[in-house]
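Here the structure is a predicted model, which means the values were calculated and not measured.
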Amino acid sequence: MATQLDRANAADAAVGEARTKDAADTSGKSSTSRTPGIPGTPGTPRASGSWRRGRVLATAALLLGLLLLLHASIPNRIGNLGSLVETFLPWCGLFVPLLLAGALLRRSATALIALLLPVVAWLNLFGGLLTDKSHPDGDLTVASHNVGADNPDPVGTARALARSGADVLALEELAARARGTYEKELATAYPHHAVQGTVGLWSRFPLSDTRPVDVKMDAGPLGDAKPAAVKMAYNRGMRTTVTTDHGPLAVYVAHLGSVRVNPRAGLSSGQRDAGAQSLGQAVAAEENGRVVLLGDLNGALDDRAYAGLTSRMESAQEAAGAGFGFSWPATLPVVRIDQILVRGVKPESAWVLPATGSDHRPVAARISW
């Protein structure tokens with residue numbers, strides 16, 4: 001009897017132990033089993049931390065790249081925003097090292113790959129300016145300088161320009177009170193010169209067919225009603241023919257209207273834009289196949305406002321210079337608004353001259369036939 005009882009208890013104990021083990025196995029499976037495809041569960045690949053970090057930096061890099069690629073699509077309807085962006089477009093490259101530093105600090109592979117877009121876009125736009133494209137050849141040296149109406153040292157400025165080695169020298173913003181000083185100081189180096197209002201050209205070679213060029217400084221009915229003598233006093237454009245040893249060269253000198261940046265109105269450039277369009281039309285109508293444009297155009301050539309000029313002429317700085325050739329302001333130049341454009345002649349070299357008493361720096365180029 002006792003033996004049978006012991007056997008029954010042992011059987012019950014074995015059954016209970018088996019049930020307990022089955023329950024434990026079932027519980028263990030349910031606690032580790034997760035729905036496939038949900039992050040953080042076994043069977044679902046986890047994204048590497050370097051790919052998940054820095055998404056804000058990656059987004060910023062992509063937006064910067066799109067800005068560089070699509071800047072021409074930014075409308076000018078609101079405050080001439082497109083022209084404002086294009087004026088300082090090269091400086092957008094400064095954001096690349098900042099974003100790179102952030103990507104490295106965050107150890108973000110996503111941000112580093114996204115940075116390739118603005119880097120490639122910037123190099124496509126401005127990479128060519130980083131190399132020195134100058135050549136020692138050349139038949140004629142031209143220079144241009146906005147001498148500044150408030151220049152405190154016109155004598156020193158004139159003497160520095162006379163030593164520049166330029167064969168043809170264009171001056172803009174000639175104040176009436178300083179004109180005699182420049183004529184006196186430049187007479188020895190440049191026996192030929194012509195002045196039309198506030199712009200002039202000094203040359204080692206004879207000049208002919210000199211006339212003013214309308215750059216729309218006085219547009220509208222009131223401007224049309226003014227006598228020519230009155231408008232000549234503040235005229236800002238001219239055209240002349242320089243009789244060089246290699247043949248006649250048409251030279252334009254221009255000082256386009258100023259621009260202003262207003263926090264409410266944005267970039268105010270209507271007068272300048274109208275002048276650029278008028279100047280482009282004059283160059284298009286020029287019969288001489290060899291043309292040089294010298295002057296203060298009050299804007300960078302990336303600005304769409306100069307399309308009428310850049311579609312017909314070549315920038316000497318971009319074709320044969322080294323670097324961006326920034327010319328304004330003279331103390332710490334951040335933009336090139338003083339330009340030398342050519343058509344029918346070849347730029348061999350281009351450079352920026354040392355500062356004078358003006359708030360602009362002179363620019364120069366050597367060209368060949």
Step by step, would you call Arg304 with Ser83 a side-chain contact (heavy atoms from CB on, under 4.5 Å)? CA-CA 7 Å; Arg304 67 197 67 179; Ser83 290; 4.1 Å; yes
Would you check, one step at a time, whether the test side chain to side chain donor-acceptor pair (under 3.5 Å) holds for Gln196 with Asn235? CA-CA 7 Å; Gln196 298 283 301; Asn235 174 69; 5.1 Å; no
Using the rule given for side-chain contact (heavy atoms from CB on, under 4.5 Å), can you reason through Leu112 versus Leu104, listing the C-alpha separation, both sets of side-chain angles and the distance that settles it, and then say yes or no? CA-CA 8 Å; Leu112 287 173; Leu104 293 175; 4.2 Å; yes
side-chain contact (heavy atoms from CB on, under 4.5 Å) between Ser278 and Val215: does it pass, once the steps are laid out? CA-CA 6 Å; Ser278 179; Val215 292; 5.7 Å; no
Candidate pair Leu63 and Phe95, rule side-chain contact (heavy atoms from CB on, under 4.5 Å), full reasoning: CA-CA 11 Å; Leu63 291 175; Phe95 291 105; over 6 Å; no
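Ser203 contributes no side-chain N or O that, together with a main-chain N or O of His193, makes up a donor-acceptor pair within less than 3.5 Å. Although no hydrogens or angles enter the test, the distance criterion places a donor-acceptor pair under 3.5 Å between the side chain of Tyr306 and the main chain of Gly299. In this structure, Arg236 contributes its side chain and Thr198 its backbone to no donor-acceptor pair below 3.5 Å. Judged purely by atom type and a 3.5 angstrom limit, Trp122 uses its side chain to pair as donor or acceptor with the backbone of Pro90. Distance alone, capped at 3.5 Å, is enough to place a donor-acceptor pair between the Arg204 side chain and the Ala166 backbone. Under a 3.5 Å cut-off, the side chain of Glu173 and the backbone N or O of Ala149 do form a donor-acceptor pair. A distance-only check finds no donor-acceptor pair linking the side chain of Arg260 to the backbone of Ser268 [under 3.5 Å].
Arg361 has its side chain out of reach of Asp338: every pair of non-hydrogen atoms, C-beta onward, lies at least 4.5 Å apart. Using a 4.5 Å heavy-atom cutoff, the side chains of Thr356 and Asp153 are not in contact. Counting heavy atoms from C-beta outward, Ser358 and Thr157 have side chains that stay 4.5 Å or more apart. Under the 4.5 Å side-chain criterion, counting only non-hydrogen atoms from C-beta, His360 is in contact with Ile337. Looking at Phe126 and Leu89, their side chains come closer than 4.5 Å, going by heavy atoms from C-beta outward. Two residues are said to be in side-chain contact when any heavy atoms from C-beta on lie closer than 4.5 Å; Val259 and Thr87 fail this criterion. Two residues are said to be in side-chain contact when any heavy atoms from C-beta on lie closer than 4.5 Å; Val334 and Pro329 meet this criterion. Side-chain contact between Asn298 and His255: present, with at least one pair of heavy atoms (C-beta onward) separated by less than 4.5 Å.
Residue-environment remark: CZ (Arg77) stays at or below the threshold of 12 foreign heavy atoms within 6.0 Å. Shown here is Trp328, whose CH2 atom has no more than 12 heavy atoms of other residues, nucleotides or ligands within 6.0 Å. Taking a 6.0 Å sphere around CG of Asp150, one finds it holds 12 or fewer heavy atoms contributed by other residues, nucleotides or ligands. Crowding of Leu94 atom CG: a count of heavy atoms from other residues, nucleotides or ligands under 6.0 Å exceeding 12.
Think of Val195 as one node in a network of Ile, Leu, Val, Met, Phe, Trp and Tyr side chains linked at under 4.5 Å; its network also takes in Val147, Leu161, Leu169, Leu171, Leu174, Tyr182, Leu186, Tyr190, Trp202. Other residues sharing the hydrophobic cluster of Val56, ordered by chain and number and joined by side-chain separations under 4.5 Å: none, the residue standing alone. Under a 4.5 Å side-chain heavy-atom cut-off, the cluster of Ile, Leu, Val, Met, Phe, Trp and Tyr residues that includes Leu117 is completed by Leu62, Leu66, Leu69, Leu70. Grouping Ile, Leu, Val, Met, Phe, Trp and Tyr by side-chain contacts under 4.5 Å, direct or through others, puts Ile367 with Leu140, Val142, Val168, Val199, Leu201, Phe205, Leu207, Met238, Val242, Leu249, Val251, Val253, Val292, Leu294, Ile340, Val342, Val345, Val352, Val363, Trp369.
With 3.5 Å as the limit, one finds no donor-acceptor pair spanning the side chains of Gln339 and Ser315.
Among residues two or more places apart in sequence or in another chain, the salt bridge (Lys or Arg N to Asp or Glu O under 4.0 Å) test is passed with Asp296 by none. Partners of Glu318 according to the salt bridge (Lys or Arg N to Asp or Glu O under 4.0 Å) rule, which considers only residues two or more places apart in sequence or in another chain, do not exist here.
With respect to the salt-bridge test (charged N to carboxylate O, under 4.0 angstrom), the residues Asp214 and Lys216 qualify. Under 4.0 Å is where a charged nitrogen must lie from a carboxylate oxygen, and between Glu348 and Arg366 no such pair does.
Residues Phe326 and Leu353 do not share a hydrophobic cluster, defined by chaining ILVMFWY side chains whose heavy atoms lie under 4.5 Å apart. Transitive grouping of hydrophobic side chains (ILVMFWY, heavy atoms separated by less than 4.5 Å) brings Trp91 and Leu129 into a common cluster. Linking ILVMFWY side-chain heavy atoms closer than 4.5 Å, directly or via other members, places Leu297 and Val261 in two distinct hydrophobic clusters. Residues Leu99 and Trp51 do not share a hydrophobic cluster, clusters being chains of Ile/Leu/Val/Met/Phe/Trp/Tyr side chains in contact below 4.5 Å. If you chain together hydrophobic residues whose side chains sit under 4.5 Å apart, Leu332 and Phe88 never meet in one group.
For the pair Pro206 and His192, the tightest heavy-atom approach, listed with the atom from each and the gap, is N-CD2, 3.6 Å. Residues Pro118 and Leu68 approach most closely at O-CD1, 3.6 Å, considering heavy atoms.
When each of Arg343, Arg239, Arg312, Gln281 is paired with Glu286, the side chain to side chain donor-acceptor pair (under 3.5 Å) condition holds for Arg239 and for no other.
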